[in-house]
Amino acid sequence: MTKTQKSKDNLIQNPKSKIQNRKVVILSGNNAVANALRQVDPHVYPGYPITPSTKIMETVAEFIANGKMQCEMVAVESEHSAMSAAVGAAAGGARVASATAANGLAFMWEVLYIASGSHLPIVLAIGNRALSAPINGFADHGESMGSRDAGWIQFYSESVQEAYDNIIQAFRIGEDSRVRLPVMVCLDGFLLTHTSENITMQGDDEVTDFVGPYHAEFSLLDPDKPVSHGLSDPPSYYMEHKMRQQAGMEKAREVIEEVGAEYGKRFGRPYGLVDPYCMDDAETAIIILGSEAGRVKGVVDKMREAGKKVGALRLRTVRPFPDEQIVRQLLGLKAVAIMDRSYAPGAVGAPMFQEVRSALYDYRDSAPPIVNRIYGLGGRELRNADVRNIFAELDALADGDATVPVIQMVGLRGEPAPTWEEMRPLETPIAVAAKRGK
Amino acid sequence: MEKVIERMMEVRWHSRAGQGAVTAAETLAATALREGKHVQAFPEFGPERMGAPLRAFNRISPRPIRIHGVVEEANVVIVVDSSLLGAVPVDANVAPDGVILSNTTKSVAEVRRILTLNGQKLACLDATQIAVDCFGMQKPNTPMLGAIARVTGLVALDTLLVEVEEIFSKKFPPKVVEGNIKAVQRAYQEVSYE
């Protein structure tokens with residue numbers, strides 16, 4: 001490999017850290033995803049670029065042009081067409097990947113359901129970004145949270161390393177015959193897509209070997225086993241097909257754990273459905289997902305040094321929702337905050353809050369009081385002080401302070417944001433607290 | 001003044017869009033990676049207009065870096081364009097034991113009068129002149145890296161020279177490569193600080 005070629009791969013290599021064919025390199029999140037795709041080398045990449053994930057498509061195109069991928073890139077005129085081409089290629093038995101963000105994902109919407117309903121294990125990287133309006137290009141989980149019921153498995157990456165690792169595992173998980181579902185790998189816009197970090201990149205052969213070849217079980221192009229895709233499904237069958245999707249999602253729980261454990265055994269970085277941090281003897285904890293989990297872990301470390309029994313629980317998957325793992329981690333705690341980087345106007349709290357609270361309902365006698373803190377919308381900076389404040393509120397909540405608001409945005413300009421309760425005309429904060437038995 | 005970095009150091013670059021500060025931040029990160037450190041390099045996330053004030057960031061640590069996002073309090077501030085002194089708050093959110101390094105024709109004493117410092121060190125270097133002398137271009141980033149090695153100890157001079165040689169060899173003829181190496185060495189010698 002010449003020096004010029006090496007620079008085209010956007011790799012900066014630390015010569016000291018060559019372990020077999022692995023290497024420690026500096027890559028942005030987008031570059032790491034593109035390199036994982038280069039190593040997996042799917043058959044087809046239909047794409048339409050959008051900030052902040054544009055660089056994924058650009059880099060994949062560069063790899064193809066330089067002969068480093070055999071993949072067929074299909075440049076289309078919109079995200080709707082990109083996902084449609086993905087569905088067509090996957091139905092034809094191809095291994096397919098693409099990337100998008102925000103309004104691009106929104107424009108894919110109806111086709112997302114066709115991919116999952118047809119059991120097509122497409123892998124889609126999302127550079128999480130706020131949906132307009134107002135127009136905003138920055139990190140926000142709104143678009144992927146909005147599509148959480150579209151039947152796709154969803155991973156949220158904490159770091160560039162994990163985004164790379166998640167892409168590689170996504171193919172194995174989605175293509176598993178017990179699952180056969182499409183997979184979204186989310187990485188926070190700019191915070192991960194445009195941040196260069198050192199990561200361990202596995203050797204090309206290691207990745208090829210881990211992912212294995214793809215043989216679609218039901219391909220349109222397999223004359224020995226003729227099948228149809230995209231047929232009209234009458235009321236007499238539709239519900240059974242929906243049930244099959246759920247069965248795949250339920251099986252995905254064990255497949256994600258299996259693949260994550262095998263990945264750890266082979267490459268030294270194991271993964272599960274959740275990532276508990278200092279939870280064993282924690283009294284209060286924050287639940288979070290995505291790149292800001294690292295900040296929360298850092299605050300936990302500092303508070304632990306001062307003798308505070310605090311912990312963090314990062315959700316790696318949102319679909320399937322790891323309810324059992326969450327409940328197991330939360331029972332016995334004194335107070336918990338769910339931090340959402342998205343919100344649902346008119347709903348009682350943001351998506352993860354709703355689902356965590358629902359998961360705890362069967363254990364309501366021993367479940368801790370929980371609050372929702374909505375942060376980081378449209379890329380709003382989260383600060384260590386915001387996280388420390390939330391832990392302070394949890395202390396108050398654990399002491400029975402009924403004035404701690406249940407749902408509130410953090411990090412707003414000026415005065416503290418009104419709570420959801422305060423914005424509600426008929427109920428005072430005290431009435432809501434009384435309902436919660438405090 | 002070389003010292004071993006024992007904790008995570010956070011760097012904030014002040015530059016103007018188009019001056020190559022993001023590339024310089026990535027070069028600093030790549031140099032630190034050569035020394036086995038954990039690194040981050042990222043630009044400020046915002047609309048970019050050529051010539052507009054821009055910020056970029058580094059984190060360099062002996063341990064894995066978990067935090068993401070804008071640096072809250074910098075240990076090292078690097079001002080690549082001297083016209084930013086007094087124009088943007090380069091002296092805000094700097095750690096009390098931090099250092100500000102500026103490309104400027106002014107002396108340390110003169111720059112001190114422009115900034116509000118609370119015990120932070122100040123280092124000055126006419127990096128643009130060094131760049132013009134050594135490789136005939138008004139590109140102060142390479143000499144600034146040499147000064148960073150001297151003033152902060154974030155990376156060693158030797159490692160930096162290897163990195164600069166490798167990066168520049170990919171794109172430029174030997175004369176330019178040599179000029180940049182000379183610029184790093186001269187900056188390392190000439191930077192003045194107190």
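It should be emphasised that the depicted structure is a prediction, and the values quoted were computed from it without experimental measurement. Chain A is the first sequence line, chain B the second, and so forth, proteins listed ahead of strands; every chain is numbered from 1.
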I need the [X] [atom1] to [Y] [atom2] distance, nearest 0.5 Å.
X        : Y        : atom1 : atom2 : result
A:Phe190 : B:Glu44  : CZ    : CD    : 11.5 Å
A:Asn198 : B:Ile65  : CG    : CD1   : 6.5 Å
A:Glu292 : B:Ile67  : CD    : CD1   : 7.5 Å
B:Phe42  : A:Thr193 : CZ    : OG1   : 12.0 Å

Tell me, yes or no, whether the heavy-atom count around [X] atom [atom1], taken from other residues, nucleotides or ligands under 6.0 Å, exceeds 12.
X        : atom1 : result
A:Arg269 : CZ    : yes
A:Asp280 : CG    : no
B:Lys139 : NZ    : no

Hey, does B:Glu72 have a side-chain heavy atom less than 4.5 Å from the side chain of A:Asn384? yes
Are side-chain heavy atoms of B:Gln40 and A:Ser196 found at a separation under 4.5 Å? no
Can you name the nearest heavy-atom pair linking B:Arg66 to A:Tyr277, along with the distance? NH1-OH, 2.8 Å
Heavy-atom pairs under 4.5 Å with chain A, option from B:Ala41, B:Ala32, B:Pro64, B:Gly69 with the top count: B:Ala41
With a 4.5 angstrom heavy-atom cut-off, could you sort out which part of A:Leu382 is near chain B: side chain, backbone, both or neither? backbone
Which bit of A:Asn136 is near chain B, if near means a heavy-atom gap under 4.5 Å: side chain, backbone, both or neither? neither
For A:Arg295 and B:His68, indicate whether the former's side chain and the latter's backbone hold a donor-acceptor pair under 3.5 Å. yes
If we count only N and O atoms by modelled type, under 3.5 Å, do the side chains of B:His38 and A:Glu197 hold a donor and an acceptor together? no
Can you list the steps and then say if A:Arg383 with B:Glu73 is a salt bridge (Lys or Arg N to Asp or Glu O under 4.0 Å)? CA-CA 11 Å; A:Arg383 292 177 168 268; B:Glu73 190 184 70; over 6 Å; no
